[in-house]
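Accompanying notes for the structure given below.
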Number of protein chains: 2
Amino acid sequence: MKSPKEFNSLSKRQKNMLVYMEDYVTLHGYPPTIREIGEATGINSTSVVNYNLNKLVDAGFLERSDRVSRGMRLIKALPNRDKKSASKTIQFTEAAVRVQLYGQIVAGQPLPVYNDINAQDSIEVTPFMLGHVDTTDAFALRVKGDSMIDALIADGDIVILRKQETANNGDMVAVWLPERGETTLKYFYRDGERIRLQPANPQFVPIEVSAAQCEVQGKVLSVIRPAR
Amino acid sequence: MKSPKEFNSLSKRQKNMLVYMEDYVTLHGYPPTIREIGEATGINSTSVVNYNLNKLVDAGFLERSDRVSRGMRLIKALPNRDKKSASKTIQFTEAAVRVQLYGQIVAGQPLPVYNDINAQDSIEVTPFMLGHVDTTDAFALRVKGDSMIDALIADGDIVILRKQETANNGDMVAVWLPERGETTLKYFYRDGERIRLQPANPQFVPIEVSAAQCEVQGKVLSVIRPAR
DNA sequence: ATTATAAGTGAACATCCGTTCGTCGTCAAA
DNA sequence: TTTGACGACGAACGGATGTTCACTTATAAT
């Protein structure tokens, strides 16, 4: 990321691209493709559009998602444009979900099971934080201690999980490692019979275990670090 | 059969799809793909997603563009969902708060100020996450990149802040460090004229700066790592 | 029970679309 | 003149993505 620039310091092409993108999003509700941008601004090559899009990222006007169709969004207002109809924010008023807050997650033992807790503690969350999946078996745990720090989870954080015993690649899961006698939160990647458990913090090294030595206890839906 | 319907007459899947789409757009700035919708809502076949998307078009909630990736947009706000919606969902005991979601935090520049961003996105949070303080000037930022990793904050996390220029000992604050030309999130401790900025991750060392070289931009109320 | 309709599945397909690479022209600095 | 940075071109590649179809399952009406 380089230094942000002013709109006027951009090339004519780049200005046109920005304006076109803003109009396109307003009109369609989703961003244009590289080829559409090129067509609209008189650029014959997709790579040139790509090149200038990256320039706009450097200039601080744009954010892109790698290898994602239409994966871009404007992050800075353009000057001198009346966007009267721009903010068509559609607000869903969602119902809250009350999630049971079970005890603590500690490194030295598996997750608690459902019925062994009578703690009536619960917190309210929005469906946004549950990933919009079926939430009937979601629950929450408060993290005690710094043992999850390699998962970027601190003491006092609240982890919202869904009980399940399998996982897909890329899921963050709570796993019980019988060999080590500890519970941990890691990203899950299966490679045949080996399972790689990748910490969220890239400064830590992954753990590799056999499938038999890796009991998935739940999938992490989200993490909350509450106001203190 | 193409008559507009009420939100509650939709199937559970279709409701989940709608809500997922809205949050996805809020988070990414562009709509999801058919496959992403399926993954998020537990639908194994793209054709079923396609099928239900067309149902949502018939019901008047959605517009689609033929053969266009991510070619969809929400065109109808949802009425309040009432409490007879089954499952565990309940009404908020306190009012939900809709917090503006401004652009992004980047290490290389100060927090954006209110009026230089066209903020049209917002997320719903519970008062629990705002620390039950006055929420009129709370706002949210999406974290881009791993530059906040020493604050235990990852790429994609959402930070909820309150605009303020002072801080008390122990607060987590967003500070602009003019000497370094970067914004960072740290715990704030004042020691006379020196200010110690302590990372949330104890493995990182604190920064010490003079009060003049430390511009507090806001206090961090909470951090959300949304479901992905 | 039978039938009709809606909903879901899994696979195949064609195309869309972002990425990459070698090449070229321009312009300013050395 | 040479060099290098910048902008641009066009083609090719491969993965992403919407569409379609034959088939199955679930639900409800007759």
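Letters A, B, ... are given to chains in the order of the sequence lines, protein chains preceding strands, and every chain is numbered from 1. What you see is a predicted model; the values in this text were computed from it and never measured.
Heavy-atom minimum distance, A/Asp171 versus A/Lys219: OD1-NZ, 3.6 Å. Pairing each heavy atom of B/Glu36 with each of B/Tyr20, the nearest pair is O-OH, 3.7 Å.
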Inset, instruction - For A/Arg13 and A/Thr41, run side-chain hydrogen bond (donor to acceptor under 3.5 Å, both in side chains): C-alpha distance rounded to whole Å, both residues' side-chain angles, the deciding distance at 0.1 Å, then the answer. - result: CA-CA 7 Å; A/Arg13 271 195 171 173; A/Thr41 56; over 6 Å; no
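The CD-P distance, from B/Glu39 to D/dT17, rounds to 11 Å in whole Å. Between B/Ile37 atom CD1 and D/dG18 atom C1' the separation is 11 Å, expressed in whole Å. Look at CD1 on A/Ile34: it is 15 Å from C1' on D/dC13, rounded to the nearest Å.
Within the structure, no pair that satisfies the salt bridge (Lys or Arg N to Asp or Glu O under 4.0 Å) test touches residues 44-53 of chain B, not counting sequence neighbours. Pairs engaging residues 37-53 of chain A under the salt bridge (Lys or Arg N to Asp or Glu O under 4.0 Å) rule: none recorded [sequence neighbours left out].
Remark: side-chain polar atoms of A/Arg73 are not paired, donor with acceptor, to backbone N or O of A/Glu63 under 3.5 angstrom.
Scanning residues 63-72 of chain B for heavy-atom distances under 4.0 Å to DNA chain D yields B/Arg64, B/Asp66, B/Arg67, B/Val68, B/Ser69, B/Arg70. Sorted by residue number, the members of residues 43-53 of chain B with any non-hydrogen atom under 4.0 Å from DNA chain C read B/Asn44, B/Ser45, B/Thr46, B/Ser47, B/Val48, B/Tyr51, B/Asn52.
Qualifying side chain to side chain donor-acceptor pair (under 3.5 Å) partners for A/Asn44, counting only residues two or more places apart in sequence or in other chains: none.
Among the candidates B/Val48, B/Val49, B/Leu56, the single residue satisfying the side-chain contact (heavy atoms from CB on, under 4.5 Å) test with B/Asn52 is B/Val48.
Nucleotides of DNA chain C with any atom under 4.0 Å from a heavy atom of chain B span, from 5' to 3', C/dA6 to C/dC17.
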